[in-house]
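Below is one structure, written out as structure tokens; the observations come after it.
Naming convention: chains lettered A, B, ... in sequence-line order (proteins, then strands); numbering from 1 in each chain.
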Amino acid sequence: MVADPFGALRSECLGLLSEAIARLWSGIKLDGIKVSLPSKLEFGDLTTNVCFTLARELGKSPQELASALASEINSLIPSRAELLSTAEAAGGYVNFWSDLARLAELSISSARCLGDRYGHLEVGPGEKRKIIVEHTSANPIHPMHVGHGRNAVLGDALARLLRARGHDVQTRFYVNDVGRQVAILAYGYDKLGRPRPRGKPDHFFGLIYAMTNCALEIRRLKEEVNRAIRAGSDERVRRLKAELDSWAFSAHELRRREPDLFDKLFSAVEGDEDPEASISEVVRAYEAREGWAVELVRGICEECLRGFRETLDRLGISIDKWDWESEVVWSNLVAKVLASLEASGFTKVRAGALEFLANAVAERFGLKGELGLSGEFEIPPLTLVRSDGTTLYEIRDVAYTLRKFKDADLVINVIGADQKLAQLHVKLALHALGEHEKARNLIHFAYNLVKIPGAKMSARRGRFITLDGLLEEAVSRAYDEVPEHSPGLSEEERTRIAEVVGVGAVKFTLLAQDPAKEITFTWDRVLNFEENSAPYVQYTHARACSILRKAGREPEQPDFSLLGHPLERELVLAIARFPEVVADAADSLRPDAIANFTIYLADRFNSFYASLPVIRAEPRGLSDARLALVDAVRIVLKNALGLLGIGAPERM
RNA sequence: GGGCCCGUAGCUCAGCCUGGAUAGAGCGGUGGCCUUCUAAGCCACAGGUCCCGGGUUCAAAUCCCGGCGGGCCCGCCA
């Protein structure tokens, strides 16, 4: 039993390869000899192209060298190899073939023996790190939408992957309760007489936020139009009126949803002498921690977070710690950071505001290269403190980042790619403070946004696809489909399976793509339960379970030497490779690599399923070997989905 | 104007970091396969200037330079 069967094969190949090279050409020194996965099945289980490099050095053809190398390796195999059966020269490459029976036996028994833990290839004791993954961190003023879903699902998968790798991981949600947006909501909610939330609280407050915002915009625009008319600026009047029209349309949409609430709010805002002043007063009082403001703002945020927790629970995502931005403000940490930053000499007062000279920091410490920026690029400065003395978001974020480093030596922030500059500023601020190591251990895990064709999502207008709505739709679709495939299930089972399948479909869609690329959201795509989807993988898992169930016996006398079909070989290799795939995905922070692997394995398994019998295979040794193989596939699919936070039902 | 990201089949995407043997999936299209372990499946066919142009290399979708196209960012917003 081993944790990494393919790794065992890999290092065997590598060892024999280096030894053979040393024996044949003793003077030659090659760095970075490696064996890699061949592009095709007929090129073996592992391959090396060193002969192309050696050819130049030795003045011989790659083909010649490959033959010499292969036969040298083959002469070493009988005495030295456990898993390797033969090396073969082909077109200048040396291709390695494993002893399939032994590799199958090792991989399958390792998977079956380790069960849930198979694939969790831990780093060495010295490499274990304390990691904080901050993710989701949706503003507590509206329900989560699809974009937040992508963030949450990525952050959660990262945490799972890093834990599987043996790291000590904590997930955090940063509650942005300070600032104008929450204050707008608080203002509106207060104007309504602070009614008790109806329905899911984040949805309720999201509507109030959008309505308040809309009322404020319309009021502001009307005033500006009048001002522009007085100034006789026709062009400006036209532009403002167009904007006003678009908000009037939003108002119409919002009113339809809750007319009473809407009318009450609008007349309150109309009647308010100076709404902006009231909102600023909320901001000020909350930052100053005045009781009335704390009660109002915290009350709202707590309610919204209750809604978030419900959504996250449904997604199977748990947050270890909720950090409040206000706590950072109320502590003296912001003031301390500010003082140190000023003392660092990398700030400057301009027009009464305090600026951070990010570019100077990068130049002083020679960071542009490692940050991937050209020397000529001038990093824009950043305002830390307004001329009225109030702080801006980034300085609080610097303070919060330092706080996170008290509990971790690596901090991963799952934040949209649109905030790259802001995250760069935070990193440079840490450098300015002399915290170079922390700065280097601060990772911005940037993902791209989720686009919706046609409509533009806007929280301020209350216009977006909520995650709750999306999940509901997917689950109900799954609910409809379950009986077509598994008739006769109890209502309870049907509901449970629909939940796992529907939620899984949504999560997989958001996870399976390169985070750097934007996702164009379409219902079609999320509700496609066919190939390249979670339901497809789950279905494959259920099929494996079904075989094992129907077999009704343990594979007691497997004869792995009878596994020889290409499909069997591909399955064995995939099972063997799984731990390495997990390790690579974790180390490179690429959950999508796991998703792609599940598709590949499911794909191979379904072909196997269609062409080779398991239970009725003859002789019994073959049937048992296939049964064990099916069990190993089941385990790997389940664990792989598990790393993505997706469930694997046993029937569906 | 500057910076970052993306550009691969009609559509949605893998592969690019770490160059290698005829570039892979899915959807959609066409044609087959349920009296055999779940047809959310399988098999076959059709479909490609890997955005363009240079360069490096024995070898470039992959690395470098220059373009073009799309997105995002450059607030005393978050």
Verify the contact: side-chain N or O of A:Lys517 to OP1 or OP2 of B:G7, cut-off strictly under 4.0 Å; return yes or no. yes
A:Phe578 and A:Phe597: CA distance, side-chain angles, deciding distance, ring-ring contact (aromatic ring centres under 6.0 Å, His included) verdict: CA-CA 8 Å; A:Phe578 179 55; A:Phe597 175 80; 5.5 Å; yes
Assess whether one donor atom and one acceptor atom, taken from the side chain of A:Ser39 and the base of B:A23, lie less than 3.5 Å apart. no
Do A:Arg180 and A:Ile279 have side chains that approach each other closer than 4.5 Å (heavy atoms only, starting at C-beta)? yes
Under 4.5 Å between any side-chain heavy atoms of A:Val94 and A:Phe96, yes or no? yes
Just checking [X]: base, sugar-phosphate only, or nothing, at a heavy-atom cut-off of under 4.0 Å?
{"X": "A:Glu650", "answer": "base"}
{"X": "A:Gln423", "answer": "nothing"}
{"X": "A:Asn49", "answer": "base"}
{"X": "A:Arg396", "answer": "sugar-phosphate"}
{"X": "A:Ser387", "answer": "base"}
{"X": "A:Ile184", "answer": "nothing"}

Ring-base stacking, A:Tyr539 with B:G41 (5.5 Å, 30° cut-offs): no
Restricting to side chain to side chain donor-acceptor pair (under 3.5 Å), what partner residues turn up for A:Glu570, sequence neighbours left out? A:Arg604
With a 3.5 Å limit on both atom pairs, tell me what [N] is paired to, counting Watson-Crick and G-U wobble, or say none.
{"N": "B:A14", "value": "none"}
{"N": "B:C4", "value": "B:G71"}
{"N": "B:G53", "value": "B:C65"}

